[in-house]
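The figures here come from the full heavy-atom set of this structure, side chains too, leaving out hydrogens, waters and symmetry mates. Residue numbers begin at 1 in each chain, while the letters A, B, ... track the order of the sequences.
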Amino acid sequence: MANFWIDWLAPFLIIVAQILAVALPVAVSVAFVVYFERKVFAAMTLRRGPNVVGPWGVLQSFADFIKIFFKETIIPTGANKVVFLAAPVVTFILAFIAWAVVPFAPGWVIADINVGILYLFAVSSLGVYGIVMAGWASNSRYPFLGALRSAAQMVSYEVSMGFVIVTVLLVVGSLNLSDIVKAQETFWFALPLFPMFIIFFISALAETNRHPFDLPEAESELVAGYQVEYSAIAFVLFFLAEYANMILMSAMTAILFLGGWLPPFDIAPFTWVPGPIWFILKIVFLLFVFVWVRATFPRYRYDQLMRLGWKVFLPFSLLWVVLTAGVLVFFDLLPQG
Amino acid sequence: MPQAPVPDILPALPEIWLAVAAMLLLMVGAFRGNASTRMVSWLAVVAVAIAFVLVLSGSKETGTTFAGMFVVDSFSTFAKELILVGTAATLVMSMDYIRREGMERFEFPVLILLATIGMMMMVSANDLISLYVGIELQSLALYVIAAFKRDTLKSTEAGLKYFVLGALSSGMLLYGASLIYGFTGSTNFEAIGALYTQAGQEPSIGLIVGLVFLISGLAFKVSAVPFHMWTPDVYEGASTPATAFFAIAPKVAAMTLLVRVLIAPFFGAVDDWQQIITLIAILSMGYGAFAALRQANIKRLMAYSSIGHMGFALVGLAAGTEQGVQSVLIYLLIYLVMNIGAFAAILTMRVKGQMVEGIDDLAGLGRNNPMLALVLAILFFSLAGIPPLAGFFGKFYVFLAAIDAQLYTLAVLGVLSSVVGAYYYLRIIKVMYFDEPAESFERPIGREMTLILGASTLFTAFFVVFPGPFLAWTQQAAAALLP
Amino acid sequence: MILSAIAFYVFAAIIIASAVLVVSARNPVHSVFFLILAFFNAAGIFVLAGAEFLAMILVIVYVGAVAVLFMFVVMMLDINFVRLREGFLQYLPVGALVGIILLIELVFIVTTQVNVPEVLAISGAPTPNISEVTNTHALGRLIYTRYIYLFQAGGLILLVAMIGAIVLTLRERPGVRKQRISDQVGRSRSDSIEIKKVSPGNGI
């Protein structure tokens, strides 16, 4: 029986604890990200934002959550019930399982797998399923249009995202996320690969259906797109997942281009701050840019979105892959592996 | 882990050159638009000519590269040159046609180049995987070429039919290849062949089943009965230059590939595959002869004719000897030249700006255009196998090989179906010379067409005078293949 | 060991079940969902076998891109599901036959390889040890050296497919007003604005 405890139960409990240690803070931080967005957006549009519930309105998100939680979940008669209810669950789960491979500091990661970046890429590319399922199962016009838009948009931007990742991999020579961060000890990849950094961030906007690429839920054209028929807890799941995805994409950008947990300079005042704090600061900065973009840019038209993805980003990122590979081979800088 | 050495790319230089040329021409077309089609076509012809020189100047020794997947020997050199000649002729013939028919798009010559690369890869395949990859490259390009005239129902139908049946045949081929791999543990032709000679035992039943599937897949590509169903519809539906291309180059590639597969790795199982090839040959010859009798459309007729001709070529393969392989190569050479001529003639059949393809439209050609009629008469007599024209020698060597291998039944049946087949070729000649004249064709036919027609007719008519170099050449090629 | 065995059987069972459902589901969209489920579990089996790179590529390419496009098309189809199923029983015997033949083939091959060890000896390139080289490195070394020919030929095939798709479907539609970004950017103030001096009470 002792064996059972040591061999099976203990590792299992440790894994569960690790998962909770990552998932719970992410879930809670979503609430604050929503608050953060509303505050920043309000400031940029010269309003005050939430300021009633709790000190400076900090508890606004929790109040909203409790209110929505006690509403009735409405399932439209024409809907395909199973798929309709599965869609938000899928979206929510996908937004959280990606955190399994994200390293917060050296060794602070649930699963340090060899192909971490591919795992992240795979999970982020699956996000489209929740939306497509929701749009189709609602059996309604606007959601369906939203789903179609989303499917085409995601596939288009994944292509250039893939190429961006390839350039980073060429420089690092490994698919492991910790290795990618460690390779940035001398300088962050945002410097030598600056155009790729920009393309990646814009593609991340498109991948998370954020402004100015929020066509799947464009409220002025499609009411609320794929979310039209959702209410109460199902809607909350979508909402949480969207913000969790934002955080995830920010984390991904931070790892690939901004040196993950590494301080900006390897000298005294910066090294006093522990790695995870740096990582979180970078994520917060990127989230700020997410909001900043939302407050600044009008929504893209659909054909402009497709044009940008296929005719601008794809050739450009392809060119950079070739260029990066050429430079690495020419100056004999290829990583040994 | 040690790094593998960089493979020697010199043997594959013609293919690499063609691939680079195809991509460059694609860029030229993409930037210059469809107005540049004629220029792209001519540049493609130049690229093919350069590839021809590269093939000729390549090493004469048998050599493999890319980890034994790619082989160059006299056999592949000979086949590649036939293919390149066929490609160049098609490109030249197609230029006027695609402009007149409003399908002048620069992708046409580029696709033909890409298909040619696929064929050259087929011919040089020394591994089941490279065989499959070559076939797919060739087939995929051909499917598109078949459907190229996308605004006509027939062409679209031809492309779709070709694609669906072609995918089926690829499936069979892959199934056979997987069986062979499963039972031998290797996809390399030399390794498979070595397993035979080493073990010295009867090939296992699974291997034979795999071989049958492989032959079925390849028989589809050469359109031998019972895998011929696609041929007439595709030939009729596709635009005429595309049909010409189908009838010329891919047939040579697929047939030489079939020969290589059966002779190089499976020479030890000659008793097993000889019966299959014999059966296919008899069926193809018979079907090609009888089904063509009542055709009114000349492209359909050429489809049945090519089925029959492939049957005759298979007779040589069925012999399974060096002489047999040589006879197949001679047959392919002559078949290629005759078909180039015949299709060049078909491409000149134009009345009041419209292409016509009925046999009736040829009526009275002897009076309207005696030169063209004479040329056609020579070509069709040769296709029928009347001495002393080239077509006769093709059949002659094939039957000789069969008799030497003691396949008497096959030879006799071949001669009989040749007699039946002669009827429909002669019918066309009768229509040309003895029927009431129909509307005469537009003239002039253009310098390039005259050149192609003249060259192929001269070759057909005077092959009897100088067969020596061709015989020597094909013999060398056949000797390179046999162990 | 026992955990991975359990995981294997779970994955395998789900693959088979969802494969059956792909064929038998009444609604084609459900079929696509089950197909995706099958892909996922196949990726799981790859992970169990130590082929992590293949697992991820399977998810990215098949689930993330191919199946999305599948679904894109299937969702837009207006199919009469009842009529679609009419031929099902008719083709069942053929399908079953093919399945049985495949099974027999598998049995044949496995038994040959067990019976004739030298077959195993000559097959393929040696697999490097997983603990020494990662999947990705090992695959890269093979694809770009030993199999470079096939890799490049595969690229050519895809190029042909792309050209074919464009040739057969791209049409210049007349009457569509396209946005030309260069024109918009190149437009200057003098082209579009004319400043008129308007004196009060006169109009233009």
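You'll find the side chain of A:Val82 stays beyond 4.5 Å of the side chain of C:His30, heavy atoms only.
Using a 4.5 Å cut-off between heavy atoms, A:Leu175 touches chain C through its side chain atoms alone. Neither the backbone nor the side chain of C:Ala55 comes within contact range of chain A, judged by heavy atoms closer than 4.5 Å. In this structure, chain C has no heavy atom under 4.5 Å from any part of A:Asn176.
For residues 140-152 of chain A, the interface with chain C (any heavy-atom pair closer than 4.5 Å) comprises A:Phe144, A:Leu148, A:Ala151, A:Ala152, sorted by residue number.
In C:Arg180, the CZ atom is not crowded: 12 or fewer heavy atoms of neighbouring residues, nucleotides or ligands sit closer than 6.0 Å. Within a 6.0 Å radius of OH in C:Tyr62, other residues, nucleotides and ligands contribute 12 heavy atoms or fewer. No more than 12 heavy atoms of other residues, nucleotides or ligands lie within 6.0 Å of CZ in C:Phe70, so this atom counts as exposed by the packing criterion.
Here the OH-CD1 distance, from A:Tyr119 to C:Ile60, works out to 12.0 Å after rounding to the nearest 0.5 Å. For the atom pair C:Thr136 OG1 and A:Ile117 CD1, the distance stands at 12.5 Å (nearest 0.5 Å). Remark: C:Phe53 CZ to A:Asn114 CG distance equals 11.5 Å, nearest 0.5 Å.
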Go through A:Trp136 and C:Val74 one step at a time and tell me if the side chain to side chain contact (heavy atoms under 4.5 Å, CB included) criterion holds.
-> CA-CA 11 Å; A:Trp136 178 77; C:Val74 170; over 6 Å; no

Mind running side chain to side chain contact (heavy atoms under 4.5 Å, CB included) on C:Met56 and A:Phe121 for me, showing each step along the way?
-> CA-CA 9 Å; C:Met56 289 306 143; A:Phe121 188 50; over 6 Å; no

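In terms of heavy-atom proximity, C:Gly64 sits nearest to A:Val155 at O-CG2, 4.3 Å.
Of the possible donor and acceptor atoms, none in the side chain of A:Tyr129 sits under 3.5 Å from a partner among the backbone N and O of C:Ile36.
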